[in-house]
Amino acid sequence: MAEKIKVLLSEEEVDARIKAIGEQISRDYAGRQVHLVCVLKGGSFFMCELAKRITVPVSLDFMSVSSYGSNTKSSGVVRIVKDLDEPLKDKDVIVVEDIVDSGRTLSYLLDLLGQRGPKSMRLCTLLDKPERRVVDVKVDYTGFEIPDEFVVGYGLDYDQRYRNLPYIGVVELDGE
């Protein structure tokens, strides 16, 4: 079975939207420092580009989680694979994610991080699939709301491939 990738959001559209989010975060955090927490692996491309566009002081940290369940569906049971290197106490934290769909994993993660005493905590995602939401998660900064399609590029993968695409594409499988 082969797959084709159809462009959903062009590199220029993604770049312009990340710039706008960076400007909004810079306004919202004027006079303060923001601590970005990236959920690996997919969020790394987005976070790096976003951080370059934020004009207030920025610090970065990374976290990797794994959620168990059947193949492509998250059960919401989360295992921390790589925890943060720095404490969150009294920091203005923005959790940066590549995509929010069911909300199960993020809900758990936000609760966990909230117990670590951040001064404030917000969620920023490049892509949001609200029609897939099972658990209510408040997204503070959204790049794009997208339909319920399997997407790749800009950090999102299909079997560890296509993360490096500079645009967001929809995977179309041949032979189904």
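Heavy-atom basis, side chains included; hydrogens, waters and symmetry copies ignored.
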Is the backbone N or O of Val81 less than 3.5 Å from a side-chain atom of Ser64, with the two atoms forming a donor-acceptor pair by type? no
Assigning hydrophobic clusters by single linkage (Ile, Leu, Val, Met, Phe, Trp, Tyr; side-chain heavy-atom cutoff under 4.5 Å), is Val152 placed with Leu8? no
With heavy-atom distances below 4.5 Å as the criterion, would you say the side chains of Tyr141 and Asp28 are in contact? yes
Tell me, yes or no, whether the heavy-atom count around Asp148 atom CG, taken from other residues, nucleotides or ligands under 6.0 Å, exceeds 12. yes
Minimum-distance pair of heavy atoms, taken over all atoms of Gly155 and Arg163: O-NH1, 2.6 Å
Quick one: do Leu88 and Met63 end up in the same hydrophobic cluster if we chain Ile, Leu, Val, Met, Phe, Trp and Tyr together by side-chain heavy atoms under 4.5 Å apart? yes
Shortest non-hydrogen contact from Phe46 to Ile21? CZ-CD1, 4.3 Å
Check whether any side-chain N or O of Thr142 sits under 3.5 Å from a backbone N or O of Phe144 as a donor-acceptor pair, and report yes or no. no
OG of Ser120 to CZ of Arg32, rounded to nearest 0.5 Å, is 5.5 Å
Indicate yes or no for a side-chain donor-acceptor contact from Ser44 to the backbone of Lys41 under 3.5 Å, with no hydrogens or angles considered. yes
Electrostatic pair Lys138-Asp140, nearest N-O below 4.0 angstrom: yes
Rounded to the nearest 0.5 Å, the OG atom of Ser59 sits from the CG atom of Asp85 at a distance of 11.5 Å
How about Val14 and Glu49: do any of their side-chain heavy atoms sit closer than 4.5 Å? no
Assess the residue pair Ile5 and Tyr167 against the criterion (side-chain contact (heavy atoms from CB on, under 4.5 Å)); give the C-alpha distance rounded to whole Å, side-chain angles, the decisive distance to 0.1 Å, and a yes or no. CA-CA 10 Å; Ile5 310 300; Tyr167 57 86; 4.1 Å; yes
May I ask whether Val37 and Leu40 are part of the same hydrophobic cluster, defined by side-chain heavy atoms of I, L, V, M, F, W, Y residues being less than 4.5 angstrom apart, directly or through others? no
Separation between CG (Leu156) and CG (Leu165), nearest 0.5 Å, reads 10.0 Å
Note, Ile25 side chain near Arg122 side chain (heavy atom, < 4.5 Å): no
Can you check side-chain contact (heavy atoms from CB on, under 4.5 Å) on Glu3 and Phe150, steps first, answer last? CA-CA 12 Å; Glu3 63 268 359; Phe150 194 85; over 6 Å; no
With side chain to side chain contact (heavy atoms under 4.5 Å, CB included) as the test, pick out the partner of Leu106 among Asp111, Ile99, Thr125, Leu123. Leu123
Measuring from atom CD1 of Ile146 to atom CG of Leu9, what distance do you get when rounded to the nearest 0.5 angstrom? 7.5 Å
Pro118 versus Val93, closest heavy-atom pair with distance: CB-CG2, 3.8 Å
Could you give the distance from CG (Leu60) to NE2 (His35), rounded to the nearest 0.5 Å? 8.0 Å
Taking the side chain as everything from C-beta on, heavy atoms only, tell me whether Ile94 gets closer than 4.5 Å to Leu50. no
Supply the atom-to-atom distance Glu149 CD to Glu172 CD, rounded to the nearest 0.5 angstrom. 8.0 Å
Given Leu84 and Arg116, is the side-chain contact (heavy atoms from CB on, under 4.5 Å) satisfied, shown in steps? CA-CA 11 Å; Leu84 299 173; Arg116 297 182 182 187; 3.7 Å; yes
Could you walk me through whether Glu23 and Lys19 satisfy the salt bridge (charged side-chain N to carboxylate O under 4.0 Å, His left out) test, starting with their C-alpha distance in whole Å, then the side-chain angles of each, then the deciding distance to 0.1 Å, before giving a yes or no? CA-CA 6 Å; Glu23 290 169 352; Lys19 181 178 183 220; 3.8 Å; yes
If we only count heavy atoms from C-beta on, is the Val100 to Arg133 side-chain gap below 4.5 Å? yes
Does Phe62 offer a backbone N or O that forms a donor-acceptor pair with the side chain of Lys82 under 3.5 Å? yes
Considering non-hydrogen atoms only, spot the tightest contact between Gly22 and Ser26 and give its length. O-OG, 2.8 Å
With the side chain counted from C-beta on, respond yes when Ile168 and Leu126 share a heavy-atom pair under 4.5 Å apart, and no when they do not. yes
Heavy-atom pair of closest approach, residues Val56 and Gly31: CG1-N, 4.4 Å
Give the cluster check for Leu36 versus Val137: same hydrophobic cluster or not, with ILVMFWY residues linked at side-chain heavy-atom distances below 4.5 Å. no
Lys/Arg-Asp/Glu bridge criterion (N-O < 4.0 Å) met for Lys91, Asp61: no
Report the C-alpha separation of Glu12 and Asp15 in whole Å, then their side-chain angles, then the decisive distance to 0.1 Å, and conclude whether the side-chain contact (heavy atoms from CB on, under 4.5 Å) test is met. CA-CA 5 Å; Glu12 294 76 20; Asp15 188 58; 5.7 Å; no
Single-linkage hydrophobic cluster, 4.5 Å side-chain cutoff, Leu109 and Leu127 together: no
Met121 to Leu110 - nearest heavy-atom pair and separation: CE-O, 3.2 Å
Side chain proximity check, Val95 to Val39, heavy atoms < 4.5 angstrom: yes
